[in-house]
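Working notes, beginning with the structure itself.
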Amino acid sequence: MPAPTALLRRPEKLAEAEATPLPQDNDYGDEILVDATSATPSVQQDTAAEHLDSAMQVDEEGRPKFPPAKEAEKSLKVEARKVFIPPHRYPALKSKWPKIYPPLVGHLKLQVRMNVSARAVEMRTSSYTVDSGALQKGEDFVRAFCLGFDLEDAIAMLRLDDLYIETFEIKDVKTLNGEHKNRAIGRIAGKGGKTKFAIENASKTRVVLADQTIHVLGGFRNIHIATEAICSLILGSPPGKVYGNLRTVASRMKERF
């Protein structure tokens, strides 16, 4: 049996080895041949770099230009919300229901129903819903009506994006009991609701007095103005002084806008 040739050859013997034909005997099948693809990694890298340079487009200022992204198919994800109706607002909801659901269905493209057994308004998205925040807007609209705001004021939350509701209680400002709390509520409302209407007109907000709970609907800055006036009345400031401050604030708001 002849001895196998050495696998590692010196450089000076390389040309001679290439000229010598390989033996055809099966005893030389244990030799390891170098793969041509693994022997030329630099050639593959250069080819990939040339392909990347040809695909990359550069504008006049040297910035890369990329093709527009392809629109991926959006998967339909159905979300649902349930708003429970307080007992004292349930009759008003039943009477105003023909005017409540058209904005939810027509404007927000939501599926709405009133669950009579659970006394709740149920909403969910559908394939026709376009706005991603439609479900949250619908919930805020129904909650605003349940808190006691008029239907027209609650519908404004569907049309405008910068309307919020601030809720606080009299005890959050000052601890009052008995007749002191009743007098504070009377100072906020005024005779025939005059003080409350003055605060709403000056600050461009809507105020709801639900016993010792106060709800304010409006913009962020307007809510702050109305809250400051209400807190002053709770702390004992006379209505005349509050009126004067509201006139000053209203004049400044007119000059600003």
Side-chain angles (χ1 to χ4, degrees), residues 81-96 100 118-121 136-137 139-158 160-254 256-257:
R81 298 282 179 89
K82 181 184 293 186
V83 181
F84 293 96
I85 310 301
H88 67 281
R89 294 295 294 173
Y90 190 71
L93 181 71
K94 290 180 63 177
S95 62
K96 297 288 185 179
I100 290 176
R119 295 208 169 189
V121 176
Q136 183 64 43
K137 289 182 180 180
E139 182 182 2
D140 294 340
F141 162 64
V142 178
R143 288 189 184 278
F145 181 80
C146 294
L147 290 177
F149 292 99
D150 293 337
L151 182 60
E152 291 75 12
D153 299 332
I155 289 178
M157 298 194 70
L158 302 178
L160 304 176
D161 295 333
D162 56 347
L163 291 182
Y164 310 95
I165 296 178
E166 178 78 18
T167 301
F168 63 96
E169 297 182 1
I170 293 177
K171 64 180 180 180
D172 297 335
V173 181
K174 185 178 181 180
T175 303
L176 299 174
N177 297 315
E179 294 296 328
H180 299 285
K181 181 178 67 175
N182 297 334
R183 280 194 292 269
I185 297 173
R187 285 197 300 272
I188 297 172
K191 184 178 181 180
K194 182 175 66 174
T195 305
K196 184 175 76 73
F197 293 149
I199 294 174
E200 291 178 345
N201 295 331
S203 60
K204 297 181 181 180
T205 57
R206 292 294 180 265
V207 180
V208 171
L209 293 175
D211 194 14
Q212 61 177 355
T213 305
I214 302 167
H215 309 286
V216 184
L217 169 65
F220 180 78
R221 188 179 299 274
N222 298 339
I223 288 177
H224 178 70
I225 296 171
T227 304
E228 288 290 334
I230 294 172
C231 291
S232 299
L233 293 171
I234 294 174
L235 294 175
S237 298
K241 184 177 180 180
V242 176
Y243 288 159
N245 295 335
L246 288 175
R247 292 193 193 96
T248 304
V249 171
S251 63
R252 290 178 180 177
M253 291 179 63
K254 289 181 180 179
R256 181 177 302 175
F257 298 104

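Worth saying up front: this structure is predicted, and the values here are computed from it rather than measured.
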Atom pair [atom1] ([X]) and [atom2] ([Y]), whose distance is rounded to the nearest 0.5 Å:
X	Y	atom1	atom2	answer
Gln212	Asn182	CD	CG	10.0 Å
Ile185	Leu209	CD1	CG	7.5 Å
Glu200	Thr195	CD	OG1	11.0 Å
Arg183	Ile188	CZ	CD1	13.5 Å
Phe145	Ile155	CZ	CD1	9.5 Å
Leu147	Ile214	CG	CD1	13.0 Å

If I compare all heavy atoms of [X] with all of [Y], which pair ends up nearest, and what's the gap?
X	Y	result
Ala120	Phe84	CB-CD2, 3.8 Å
Ala202	Leu246	CB-CB, 3.9 Å
Thr205	Gly218	CG2-CA, 4.2 Å
Gly148	Arg89	CA-CZ, 3.9 Å

Partner set under side-chain hydrogen bond (donor to acceptor under 3.5 Å, both in side chains) for Gln136, not counting sequence neighbours |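 Applying side-chain hydrogen bond (donor to acceptor under 3.5 Å, both in side chains) to Gln136 gives Arg81, Asp140.
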
Can you give the donor-acceptor pairs under 3.5 Å from side chains of residues 161-177 to other protein atoms, not counting sequence neighbours?
residue	atom	partner	partner atom	Å
Asp161	OD1	Lys137	NZ	3.1
Thr167	OG1	His215	ND1	3.0
Asp172	OD2	Glu169	N	3.0

Under 3.5 Å, sequence neighbours excluded: what are the donor-acceptor pairs made by side chains of residues 225-242?
residue	atom	partner	partner atom	Å
Thr227	OG1	Ile223	O	2.7
Ser232	OG	Glu228	O	2.9
Ser237	OG	Ser232	O	3.2

Under 3.5 Å, is there a donor-acceptor pair between the side chain of Arg119 and the main chain of Pro87?
->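 It does not hold such a pair.
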
Does Thr248 reach the main-chain N or O of Gly244 with its side chain, forming a donor-acceptor pair under 3.5 Å?
->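 Judged by distance alone, yes, a pair lies under 3.5 Å.
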
